[in-house]
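Below: the structure, in structure tokens.
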There are 2 protein chains.
Amino acid sequence: MTPSPIKVLLAEDQSMVREALAALLGLEPDIEVVAQAARGDEVLDAVRAHAPDVALLDIEMPGATGLEAAEQLQAAFPDLKVVILTTFGRPGYLRRAMESGASAFLVKDAPAAQLAEAVRKVLAGEKVIDPALAAAALAEGADPLTDRERDVLREAADGATNAELATRLHLSQGTVRNYLSTAIQKLAARNRADAVRIAREKGWL
Amino acid sequence: MTPSPIKVLLAEDQSMVREALAALLGLEPDIEVVAQAARGDEVLDAVRAHAPDVALLDIEMPGATGLEAAEQLQAAFPDLKVVILTTFGRPGYLRRAMESGASAFLVKDAPAAQLAEAVRKVLAGEKVIDPALAAAALAEGADPLTDRERDVLREAADGATNAELATRLHLSQGTVRNYLSTAIQKLAARNRADAVRIAREKGWL
DNA sequence: CCCCCCGTATGACACCTGTCATGCCGGACC
DNA sequence: GGTCCGGCATGACAGGTGTCATACGGGGGG
């Protein structure tokens, strides 16, 4: 017997990687890539048009991140299974992926065989998470930053001065410095650049 | 007639991407992936063992970068064609790739079809370079930084203070500040963080 | 109702950073 | 042999940054 194949949507911004992953999945007889998206904000429409069983989402994409897309998908299509596929095994990403209702979280340096396997498993109702990463995510606790502290850090990432940050965020310079100061302390950083680096590593930006 | 297939070595640190690219190339009847490497410092041995016609190298790899590997390969195997495949279309990377004797420079967000095409072209003696990127590389000129300025910038990337930089590099704090100051001016940056960002973008770090 | 947290703001202080002038040494190039 | 550049250093100054105390209004929880 040949049951109808699993229909997969693949969202990843780098064409070469996306099409290569499609080729990889195409080798599996029980999986069919029915749609591809190069941007996060194309995902919802693609799902509407092709009704896949599983959505495979990269995190770093223009338009919207895979995490944002996952959230929208869960709201609109509760039965659709979401697999997050990312370059960076950042604990904060994993946490947000789970909160967004994803069923699996894969890093791109895992063996390729795990991809098809994960697709089958999530469809069977299982969750797929690297145990080491799960431990790391639980160990470090949640993001300690407030929304505004995160905003300021994000804007500060490109080397902007306090004056520029104040303008961009419509705040006084003093307020910007207050937020940066508390963020630096919460992250145990030496200065703003260090704080940005730490927040990035943890997946909090 | 079926001529013997083109033998390709594939070096890329993310297993999933590497194996996916292998699957993609495997779809081409005239191309065979005879070896894979996950680290830059495995490339030379892999070439010795499998004598490929073309080496496909990612830049960002542990052990040694694809650019370093390319240089070694050109010295040891002048007839081997090298294709650099990278996430980041940084002009400085392209420049260094060409200086290392690479025959092609592809970015991962180019269409997948260009990969096999590039392999065939370099074997035929052609060079494969994105014209827009080539223009950018030529337009911006060469890296203006001196070796020490680059050293200091690289160490400053993680948010280190002048005192730490001085210790790490066995310099006086004043010297560190001098190097950073000249680097900031050469890169037209606002401060060290901005300078790090700019140098990274250009592929000079 | 009170307290705590968040967002926002100010002022003051110490310290860090970026700039500039200046100096010395060694190598490269004419 | 002189000139230029790179590596290294010092000192001084201005302005940017990080910290802290303090303040006020609003929202949520006990």
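All heavy atoms count here, side chains included; hydrogens, waters and symmetry mates do not. Sequence lines set the chain letters: A, B, ... in the order given, protein chains first and strands last, and positions in each chain run from 1.
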*For dT17(D), does OP1 or OP2 lie under 4.0 Å from any side-chain N or O of Q173(A)?*
no

*Scan R96(A), R150(A), K202(A) and name whichever one has a side-chain hydrogen bond (donor to acceptor under 3.5 Å, both in side chains) with D143(A).*
R150(A)

*asked:* On the nucleotide dA9(D), are OP1 or OP2 found under 4.0 Å from the side-chain N or O atoms that T175(B) carries?
replied: yes

_Strictly below 4.0 Å: does Y179(B) bring a side-chain N or O up to OP1 or OP2 of dC8(D)?_
yes

*Between dC16(C) atom P and L180(B) atom CG, what is the distance in whole Å?*
15 Å

_With nearest nucleotide decided by heavy atoms, which residue, E149(B) or N191(A), maps closer to the 5′ end of DNA chain D?_
E149(B)

*To the nearest Å, how far apart are K186(B) NZ and dC5(D) P?*
11 Å

*Specify the separation, in whole Å, of atom CZ of R148(B) and atom C1' of dG6(D).*
11 Å

*May I ask you to verify if any side-chain N or O of T146(B) is less than 4.0 angstrom from the OP1 or OP2 atom of dG6(D)?*
no

_Tell me whether the side-chain N/O atoms of R177(B) come closer than 4.0 Å to OP1 or OP2 in dT19(C)._
no

*Please report, rounded to the nearest Å, how far the P atom of dC5(D) is from the CG atom of D147(B).*
17 Å

*Do N191(B) and L180(B) come within less than 4.5 Å of each other through their side chains, counting heavy atoms only?*
no

*Locate the shortest heavy-atom distance separating I198(A) from A188(A); write the atom from each residue and the value.*
CD1-O, 4.4 Å

*Atom CZ of R190(A) to atom P of dT17(D): distance rounded to whole Å?*
17 Å

_Looking at dT10(C), I'd like to know if its phosphate oxygens (OP1 or OP2) sit under 4.0 Å from a side-chain N or O belonging to S172(A)._
yes

*R168(A)/D151(A) ion pair, N-O < 4.0 Å*: no

*Among dT19(D), dA9(C), dT17(D), the nucleotide that comes nearest once only the side chain of R192(A) is considered*: dT17(D)

_Whole-Å distance separating the CD atom of E164(B) from the C1' atom of dC15(C)_ = 15 Å

*Any salt bridge between E12(B) and K108(B), counting N to O under 4.0 Å?*
yes

*Separation of I184(B) atom CD1 from dG15(D) atom P, in whole Å?*
17 Å

*Would you kindly give the CG-to-C1' distance between L165(A) and dG16(D), to the nearest whole Å?*
12 Å

*Would you please confirm or rule out a distance under 4.0 Å between OP1 or OP2 of dC16(C) and any side-chain N or O of N162(B)?*
no

*asked:* Regarding N178(A), tell me which of base, sugar-phosphate or nothing describes its non-hydrogen contacts under 4.0 Å with the strands shown.
replied: base

